[in-house]
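Worth saying up front: this structure is predicted, and the values here are computed from it rather than measured.
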Amino acid sequence: MAVEEGQTTLEKNPVATPEAGQTSTSPPPQYKYSKRVLLKTILCRSDEGLGLVGQRVVVGGWVKSSKVVPLHDVPSLRTTLMTRPSQRDVSCVEIFQSRIPLFRTIFKVLNHKPTGSGSPAREGLDQTPAKPIPTKAYLQISDGSCVPSLQVLLPSSIASLSKFTSTGTSIFVEGVLKESSIEGKHKIELQVEKLLHVGFVDSNKYPLSKTRLPLDFLRNYSHFRPRTTTLASVTRIRSALTHGTHTFLQKNGFLHVNMPVITSIDSKGCSEKFHVTTHSGKEKHEALVMDDNTGNINLQAVKAAIKEKSDRIDELKRSESNRESLALAVQDLKKANELALQLETREKKHNKSSAQSGALGISDDFFHGQMYLTVSSQLHLESYANSLGSVYTIGPTFSADKSQSMKHLAEMWMVEVEIGFADLEDVMNCAEDYLKFLCQWVLDKCSSDLVFASKRIDKEVMERLQLVSSSSFEKITYTHAVKLLQEVPDKKFESKIEWGVALTEEQESYLADEMYKKPVIIYNHPKGLNPFFVRLNEDRRTGATFQVVLPKTGTLIRGSQKEERFDIISKRMNELALPREQYEWYLELQRNGTIKHSGFNLELDHMVLFSTGLTDIRDVIPFPRSYGNPRF
């Protein structure tokens, strides 16, 4: 049956039902919203689909690889000679009869003679067009629901196979599940009986070939790379982590709240920020940009030149000089006046812009003030914790740092949690339970993806997840951590270790990898390293903060108990010279019914790195945003 690209001919035929004369177990469930069976319901069974032999199903997917062979090619010994309890023995006569088409083809080839060398009858016979040899294509297709691919047998009697063998071709077919007719890793195959849809590809332009492609190459094709097995597995693991986050927090009484992406909070010291404005670059800098025709000419110099040219014209008129010289002088004066007008217009615009709103021109902007893309939703989330108790949000955070890093991008995703009436110990226990739950959740929900990641990416990824899910986290203070690192023999760290200085990734990892060999929680960091909202401890030297450091990974979670005492938080803001007008709404929370509350954040993208064994964050975000990369 010929099917044009984009054509769909769905009929209301029974889907996933036993074929007549066949016995089978319960059919695989049909996907509710697209009249098809997901491949994972066929291939991820304990019997790898053998119990579904004889079932009629509709499936869809993209071709990952293909092989075309003659329709009557010699099958493998397993399918020809091996007897099964439910089948009678195959006789030698039947085997010979099945080979007759092949013998006929060989006979024609051996008895072929060139034109002119035989009888007229032979010549006429030789000129008869040869009948095309029937073929069949073995297609390996994937629909994104699981790691394994389904083997699909498509005969040339249904459609011309020339375009179906291109990697990336999409097909939607109906057929019957059979035991695989060729030796290999597949135990079953779908023998196609009806072609419902096909989406062809331009093989000369399609970037994904049949061979393994390096991850750095795939980053240039973020819109196609989910079709690769690696990126499909990463996406399923990321989805499971998000699902697991909602499951854990909802079961423990948290409410999910959506927080704003645009904020007026400057967050000084956090990172470079993206400014939000409706002004175009031309509007903001128009008064500062020199017109191409003016160069660096000074307005006062042009005005002086105009006076000289005017005096020259008066002199020519009094001397009754020739009209040609006078006309040239008048033309020259006209050009000078036009130049002066351009310069005056530019200067007026610049003065007006500076007087009204400074260099950024924010007084007439959309928000009538400077706005940013959020660096963190924590302060806004605290307002809901002060009203509803336990809340969380999952959303993007932004940084305009221009550095190129394997761990940071311009846009990243964060899980942020805030717990009302909780102190530092409470929130540390919550963070530990949450991280353990996530690791076990991924192990349970993404076992085949993790097996694939262990083979292709990092063989220790499952061991690390099991270690975190089953370990009791070690808790040490920052002060004790510094002392331990200072006493390490025969180890020279790149940065000096001293109290009051932030621990480096190398030093944090040494504690988790070498000393404790399990997750470590470091808490009570020096006051000078903490933001203004962190609760000051009784020693007045440290704040109620913590971080969770995992082996082979580093810090995944950071959190703190928030300062609820108005006088102390006000003093801290003065010490850090923060603009109080930006935080006035936040200070109102401290004046009106504030409570003890604590929270933490988990960088979701880094959790995906930990769960897959990948090392570059650009490989775990669907469309990574980085400096100097405007694509997508």
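Distance alone, capped at 3.5 Å, is enough to place a donor-acceptor pair between the S469 side chain and the Q466 backbone. Proximity of a side-chain donor or acceptor of T263 to a complementary backbone N or O of I265 within less than 3.5 Å is detected. The closest donor-acceptor contact from the side chain of H606 to the backbone of L604 lies at 3.5 Å or more, if one exists at all. Checking side-chain atoms of R565 against main-chain N and O of L536 turns up a donor-acceptor pair under 3.5 Å. The closest donor-acceptor contact from the side chain of S471 to the backbone of L467 lies under 3.5 Å. In terms of modelled atom types and a separation under 3.5 Å, the side chain of T41 and the main chain of L38 share a donor-acceptor contact. A donor-acceptor distance shorter than 3.5 angstrom exists from the side chain of Q507 to the backbone of T504, with no hydrogens or angles considered. A distance-only check finds a donor-acceptor pair linking the side chain of D365 to the backbone of T278 [under 3.5 Å]. A donor-acceptor pair under 3.5 Å links the side-chain atoms of R236 to the main chain of G144, judged by distance alone.
Note that CZ of F623 is 8.0 Å distant from NE2 of H223, once rounded to the nearest 0.5 Å. Atoms CG and OG, on L43 and S149 in that order, are 7.5 Å from each other to the nearest 0.5 Å. Separation of atoms CD1 (I557) and CE (M607) is listed at 8.0 Å; rounding is to 0.5 Å. Interatomic distance, L589 CG to L379 CG, rounded to the nearest 0.5 Å: 9.5 Å. From L241, atom CG reaches atom CD1 of I394 across 10.0 Å, with rounding to the nearest 0.5 Å. Taking CD of E563 as the reference point, atom NZ of K571 lies at 11.5 Å (rounded to 0.5 Å).
Heavy atoms from other residues, nucleotides or ligands lying under 6.0 Å from OH of Y384 number 12 at most. Counting non-hydrogen atoms of other residues, nucleotides and ligands closer than 6.0 Å to CZ of F217 gives a total above 12. The number of heavy-atom neighbours closer than 6.0 Å to CD of Q250, taken from other residues, nucleotides and ligands shown, is above 12. Other residues, nucleotides and ligands place no more than 12 heavy atoms under 6.0 Å from the CZ atom of F421.
Listed by chain and residue number, nothing satisfies the ring-ring contact (aromatic ring centres under 6.0 Å, His included) test with Y523 (two or more places apart in sequence, or in another chain).
With respect to D616 and R219, a salt bridge is recorded, a charged nitrogen being found less than 4.0 Å from a carboxylate O. Taking a cutoff of 4.0 Å between a charged side-chain nitrogen and a carboxylate oxygen, E272 and K402 do not qualify as a salt bridge. Classification of K436 and E432 as a salt-bridged pair holds, one side-chain N sitting under 4.0 Å from a carboxylate O.
Taking the centre of each ring, F398 and Y372 stay at or above the 6.0 Å mark. Residues Y586 and F533 place their aromatic rings such that the two centres sit no closer than 6.0 Å. Residues H246 and Y392 bring their aromatic ring centres within 6.0 Å.
Among all heavy-atom pairs drawn from L409 and R625, the shortest one is CB-O, 3.4 Å. The minimum heavy-atom distance linking V451 with M462 is given by the pair N-SD, 4.2 Å. Listed here is the closest heavy atom pair of P226 and L231: CA-CB, 4.0 Å. Nearest heavy-atom pair, S399 versus F274, reported as atom, atom and distance to 0.1 Å: O-CE1, 3.3 Å. The minimum heavy-atom distance between N629 and P624, with the atom names listed, is ND2-O, 4.3 Å. Residue S448 comes nearest to V147 through the heavy atom pair O-CG2, 3.8 Å, listed as atom of the first residue, atom of the second, then distance.
Sorted by first and then second residue, the salt bridge (Lys or Arg N to Asp or Glu O under 4.0 Å) pairs involving residues 416-431 (not counting sequence neighbours) are E418-K562. Under the side-chain hydrogen bond (donor to acceptor under 3.5 Å, both in side chains) criterion, the residue pairs touching residues 487-499 are T479-W499, with sequence neighbours excluded.
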### Query
After noting the C-alpha distance and the side-chain angles of K518 and E474, does the key distance pass the salt bridge (charged side-chain N to carboxylate O under 4.0 Å, His left out) rule?
CA-CA 7 Å; K518 64 178 182 178; E474 189 72 29; 3.6 Å; yes
### Task
Take K552 and D513 through the salt bridge (charged side-chain N to carboxylate O under 4.0 Å, His left out) test and state the conclusion after the steps.
CA-CA 7 Å; K552 307 295 183 183; D513 295 340; 5.1 Å; no
### Message
Could you walk me through whether E575 and K527 satisfy the salt bridge (charged side-chain N to carboxylate O under 4.0 Å, His left out) test, starting with their C-alpha distance in whole Å, then the side-chain angles of each, then the deciding distance to 0.1 Å, before giving a yes or no?
### Response
CA-CA 12 Å; E575 291 174 356; K527 168 186 172 182; 3.6 Å; yes
### Task
Determine, stepwise, if the pair K40 / D143 fulfils salt bridge (charged side-chain N to carboxylate O under 4.0 Å, His left out).
CA-CA 9 Å; K40 68 178 181 180; D143 66 356; over 6 Å; no
### Message
Applying side chain to side chain donor-acceptor pair (under 3.5 Å) to H525 and Q547, what does each step give before you reach the verdict?
### Response
CA-CA 9 Å; H525 295 77; Q547 61 186 116; 2.7 Å; yes
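In this pair, F493 and Y510 present their aromatic rings perpendicular. The plane angle is above 60°, beyond the 30 to 60° band. Taking the six-membered ring where the residue is Trp, F248 and F437 present tilted rings, their angle falling between 30° and 60°.
Residues R558 and T545 bring no donor and acceptor atom of their side chains to less than 3.5 Å of each other.
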